[in-house]
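First up is the structure itself, then whatever we jot down about it.
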Amino acid sequence: MKNYVILKGKKDRLEIQLNGEIDFITLRNSMIEKMKEAKNFIGEGKMAIEFTGRELSELEENVLIDLIRLHSNLNIVYVFSGEKIKELNYFSLFHSVSEEGPTKFFRGTLRSGSQLEYDGNLVILGDVNPGSLIRASGNVLVLGHLNGTVYAGMEDSQNSFVAAMFFNPVKLTIGNKTSKILQKEILDTNRVKKGSFQIAQIKQGEIVIEEWR
């Protein structure tokens with residue numbers, strides 16, 4: 001079978017280059033063969049993926065995601081899709097956080113009732129579930145769902161920020177400012193994450209939440 005699917009590892013994701021000229025059935029079959037061949041090479045664990053080279057419908061994308069899960073040991077936790085997401089390099093933000101002062105890294109899920117506090121920056125490599133609380137005197141960066149309560153910065157801080165892959169906090173406070181936008185929906189932390197990376201910071205005396213580029 002021709003090489004219609006090419007896998008390319010990046011530091012923060014697995015890029016899957018797709019042939020844009022063949023029909024989807026042929027592409028699907030090629031994906032199955034490629035994942036079987038590369039199963040040992042790509043290993044196992046949580047992984048973000050990005051499809052390039054071909055525009056996919058939501059149904060086609062979901063079919064390919066299911067095939068990857070079926071024929072590999074990967075747990076797909078994030079899909080980069082759409083031009084804005086493809087251009088996003090949140091790891092530059094990740095490195096800038098760690099360079100700004102003492103930084104604590106936490107790997108795992110903060111479940112309801114959990115609290116995580118640190119006098120410095122906090123980086124959570126996982127999800128922050130509803131009912132959990134995180135508090136940092138510096139910045140907060142969540143590489144997963146942010147569904148809990150978060151406090152960032154000292155009381156008079158104007159420069160701290162909170163950023164997350166999927167931004168949906170119950171309560172958000174930066175310095176002495178609290179966001180007026182409260183959580184509207186509890187997100188399913190088990191589903192594949194799609195969306196834009198967002199950052200909250202104080203601008204003109206108010207908390208502003210924007211897509212981060």
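Worth saying up front: this structure is predicted, and the values here are computed from it rather than measured.
- Looking at I199 and Q201, their side chains come closer than 4.5 Å, going by heavy atoms from C-beta outward.
- Going from atom OG1 of T109 over to atom NE2 of H145 covers 11.0 Å, rounded to the nearest 0.5 Å.
- For N176, the side-chain hydrogen bond (donor to acceptor under 3.5 Å, both in side chains) criterion is met by no residue, not counting sequence neighbours.
- Linking ILVMFWY residues whenever their side-chain heavy atoms come closer than 4.5 Å, directly or via other members, places L116 and V150 in the same cluster.
- Y151 places none of its side-chain heavy atoms less than 4.5 Å from the side chain of I134.
- Side-chain heavy atoms closer than 4.5 Å link hydrophobic residues (I, L, V, M, F, W, Y) into clusters, and following such links, possibly through other members, connects Y4 to M31.
- L64 is listed as a side-chain neighbour of L18, based on a closest heavy-atom distance under 4.5 Å.
- Applying the side-chain contact (heavy atoms from CB on, under 4.5 Å) test to K39 and every residue at least two apart in sequence or in another chain returns N73.
- Residues L122 and T103 are not in side-chain contact: their nearest non-hydrogen atoms beyond the backbone lie 4.5 Å or more apart.
- Cluster annotation: L133 is not connected to I124 through the hydrophobic network of ILVMFWY side chains, with a link wherever side-chain heavy atoms come within less than 4.5 Å.
- The main-chain N or O of G205 is found under 3.5 Å from a side-chain atom of K177 such that the two form a donor-acceptor pair.
- Linking ILVMFWY side-chain heavy atoms closer than 4.5 Å, directly or via other members, places I202 and V140 in a single hydrophobic cluster.
- Two residues are said to be in side-chain contact when any heavy atoms from C-beta on lie closer than 4.5 Å; L27 and V5 meet this criterion.
- Linking Ile, Leu, Val, Met, Phe, Trp and Tyr whenever their side-chain heavy atoms come within less than 4.5 Å puts M165 and F105 in one cluster.
- Distance CG/N147 to CG/L110: 11.5 Å, rounded to 0.5 Å.
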Open item on the list: Please determine whether side chain to side chain donor-acceptor pair (under 3.5 Å) holds for the pair D23 and T26, giving the CA-CA distance in whole Å, both sets of side-chain angles, and the decisive distance to 0.1 Å.
Closed with: CA-CA 6 Å; D23 63 89; T26 302; 2.8 Å; yes

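- Here S72 pairs with M35, I42, I68, L74 under the side-chain contact (heavy atoms from CB on, under 4.5 Å) rule; sequence neighbours left out.
- Using a distance-only test at 3.5 Å, with no hydrogens or angles considered, no donor-acceptor pair links the side chain of E33 to the main chain of S30.
- Side-chain contact check for F167 versus V142: every heavy-atom pair is 4.5 Å or farther apart.
- To the nearest 0.5 Å, atoms CD1 (I16) and CD (E50) are separated by 9.5 Å.
- Listed by chain and residue number, nothing satisfies the side-chain hydrogen bond (donor to acceptor under 3.5 Å, both in side chains) test with T149 (two or more places apart in sequence, or in another chain).
- By the side-chain contact (heavy atoms from CB on, under 4.5 Å) test, S112 pairs with no residue at all, sequence neighbours left out.
- Contact between S137 and S160 at its shortest, heavy atoms only, is O-OG, 4.1 Å.
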TODO: List the steps and the verdict of side chain to side chain contact (heavy atoms under 4.5 Å, CB included) for F106 and L125.
DONE: CA-CA 6 Å; F106 177 86; L125 307 174; over 6 Å; no

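- Checking side-chain atoms of D127 against main-chain N and O of G144 turns up no donor-acceptor pair under 3.5 Å.
- Residues L7 and K34 meet the side-chain proximity criterion, which asks for heavy atoms closer than 4.5 Å.
- For the side-chain contact (heavy atoms from CB on, under 4.5 Å) test with L172, the passing option among I207, T178, L146 is I207; the others fail.
- To the nearest 0.5 Å, atoms CZ (R135) and CG (D119) are separated by 12.0 Å.
- Taking NZ of K8 as the start and CG of L14 as the end, the distance is 11.5 Å to the nearest 0.5 Å.
- Contact annotation: the side chain of F51 approaches that of I65 to within less than 4.5 Å [non-hydrogen atoms, C-beta and beyond].
- Remark: H71 NE2 to D66 CG distance equals 10.0 Å, nearest 0.5 Å.
- Taking Q115 as the reference, nothing meets the side-chain hydrogen bond (donor to acceptor under 3.5 Å, both in side chains) condition, with sequence neighbours excluded.
- Judged as a side-chain contact (heavy atoms from CB on, under 4.5 Å), and not counting sequence neighbours, the contacts of V63 are F24, R28, L59, L67.
- Judged as a side-chain hydrogen bond (donor to acceptor under 3.5 Å, both in side chains), and not counting sequence neighbours, the contacts of Q17 are E15.
- Not counting sequence neighbours, the partners of E210 by the salt bridge (charged side-chain N to carboxylate O under 4.0 Å, His left out) test are K203.
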